[in-house]
Amino acid sequence: MPLRPLTLLTSLLHLFIGLRLLPSLAALTPIWPVVLLLLAISAVTMPLPFVGRRSSARPVSDTWKWVGLLSMGWFSSMLVLTLVRDVGLCGAWLGGWAGLWTADWPRASAWSAAAVPLMATATSLLGFVNARRTAGVRRVDVPIAGLPAALEGFTIAQLSDIHVGPTIKRGYIHRIVEAVNKLGADVVAITGDLVDGSVPELREHIAPLGELRARHGTYVVTGNHEYYAGAPAWIAELRRIGLQVLLNEHVVLRQDSPGRSTGDNEALVLAGVTDFTAGHFDASQASDPEGALAGAPLATTTRVLLAHQPRSAVAAEAAGYQLQLSGHTHGGQFFPWNLFVPLQQPFTAGLHRLQGMWVYVSRGTGYWGPPKRFGAPSEITLLRLVRAR
């Protein structure tokens with residue numbers, strides 16, 4: 001949606017919240033103008049992160065983007081809680097009309113109106129703390145049928161959906177890199193949506209990812225946000241800093257040890273596909289899980305796919321992968337958006353089974369938009385392959 005209609009819509013929604021809450025708040029407390037002021041600030045600043053993104057207008061500073069994104073998170077909770085309040089009041093009225101109870105309507109209206117900004121502010125503050133902390137390590141064992149002994153305990157450190165941009169900068173990335181390097185993983189996999197901006201804007205801030213260390217290196221696949229930000233330039237930049245970008249292709253990883261080389265039947269095929277929607281941006285980069293296996297050794301039956309969106313899983317299972325690692329969903333990031341993820345994706349978060357294949361969906365290592373996570377903690381995932389019993 002273009003910026004002006006979106007700004008009009010959000011302004012009207014702010015007006016709706018004000019009309020539903022402020023009269024009741026005014027009857028309860030003389031500080032109701034504080035809520036009015038916060039609504040005005042939110043309405044004015046919410047569009048700022050998007051100014052100049054796809055127009056000739058000059059982009060605003062990161063400071064104002066910070067304010068706008070904080071407003072976005074607070075407004076989201078205000079809107080949802082206002083609607084929940086209205087449903088509750090409607091239910092209470094129906095119960096009173098049916099003679100089930102007698103309600104003190106002025107009191108109920110006033111105190112429920114006060115609860116909305118208090119709860120919205122509290123969840124936004126807690127969500128901010130959750131979003132800005134360094135993601136914790138989530139350890140997951142994945143049982144693979146027929147896993148070769150050489151691959152027993154093979155580890156993959158997964159990062160996803162970091163979204164380097166206005167509020168996620170070099171220091172945030174550096175802390176993630178330090179945490180991952182302590183894990184000593186065999187492979188680091190980054191499953192897309194690294195950036196929200198151009199290479200010149202963010203080159204300095206993405207640079208610490210070049211310091212990631214793993215036995216077999218770091219592999220990256222594109223997410224939809226790479227295509228919004230200019231995928232060809234980002235692919236070149238990521239390769240320049242030493243990351244290996246897999247564009248519908250694969251590598252064969254062997255756990256060789258001193259004096260012993262592993263054969264094809266003991267190796268692991270690590271494949272990566274472009275984002276599920278990449279073909280809309282560049283037809284030559286349409287996502288192709290089956291094509292990513294072209295030329296892979298037939299004897300190598302342990303196959304892992306990196307695919308940004310969980311909905312690549314149907315094609316991946318048909319192509320013969322044992323495990324798909326994805327992100328994209330953020331686990332919903334904060335309520336109520338987790339309720340809407342299943343409308344687009346088959347899985348929201350965690351480890352799932354799709355016929356003969358496992359799918360692991362990361363909640364993301366950073367966040368998109370508002371610096372807010374509530375009920376969907378960020379994660380650095382350490383997946384360990386184990387033989388199915």
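These values consider heavy atoms only, across backbone and side chains, with no hydrogens, waters or symmetry-generated copies. Counting from 1, the numbers follow the sequence of the chain as shown.
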Do you see a donor-acceptor pair shorter than 3.5 Å between the side chains of [X] and [Y]?
| X | Y | result |
| --- | --- | --- |
| H163 | D196 | yes |
| H308 | D193 | yes |
| W74 | S42 | no |
| Y227 | T277 | no |
| N224 | H328 | yes |
| R384 | T155 | no |
| S124 | K372 | yes |
| S312 | Q309 | no |
| Q158 | T191 | yes |
| S109 | S24 | yes |
| H205 | H174 | no |
| S326 | Q324 | yes |
| R215 | Q255 | yes |

Going by an N to O cut-off under 4.0 Å, is there a salt bridge joining E237 and R240?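 Yes.
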Any ion pair linking K169 and D62 (charged N to carboxylate O, less than 4.0 Å)?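 Salt bridge between D62 and K169, a charged N being under 4.0 Å from a carboxylate O: yes.
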Kindly indicate whether the side chain of P377, heavy atoms from C-beta on, has any atom under 4.5 Å from the side chain of N130.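 Heavy-atom side-chain distance check fails, nothing below 4.5 Å.
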Quick check: do D86 and F16 have side-chain heavy atoms less than 4.5 Å from each other?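 Side-chain contact under 4.5 Å: yes.
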Within 6.0 Å of [atom1] in [X], more than 12 heavy atoms from elsewhere:
| X | atom1 | value |
| --- | --- | --- |
| L37 | CG | yes |
| W111 | CH2 | no |
| R170 | CZ | yes |
| E290 | CD | no |
| R175 | CZ | yes |
| L298 | CG | no |
| W66 | CH2 | yes |

With rounding to the nearest 0.5 angstrom, report the [atom1] to [atom2] distance, [X] to [Y].
| X | Y | atom1 | atom2 | answer |
| --- | --- | --- | --- | --- |
| T222 | F281 | OG1 | CZ | 10.0 Å |
| T45 | L69 | OG1 | CG | 9.0 Å |
| T10 | L15 | OG1 | CG | 11.5 Å |

Evaluate the ring planes of W337 and F334, with Trp represented by its six-membered ring, and classify them as parallel (under 30°), tilted (30 to 60°) or perpendicular (over 60°).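 W337 vs F334 ring planes: perpendicular.
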Parallel, tilted or perpendicular for Y367 and Y172, by the 30°/60° rule?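 Perpendicular: the ring planes of Y367 and Y172 meet at over 60°.
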So, for V273 and A292, which heavy atoms are closest and what is the spacing to 0.1 Å?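 In terms of heavy atoms, the two residues are closest at CG1-CB, 4.1 Å.
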Would R363 and Q333 count as a side-chain contact (heavy atoms from CB on, under 4.5 Å) here? Give the steps. CA-CA 8 Å; R363 290 184 174 89; Q333 193 160 315; over 6 Å; no
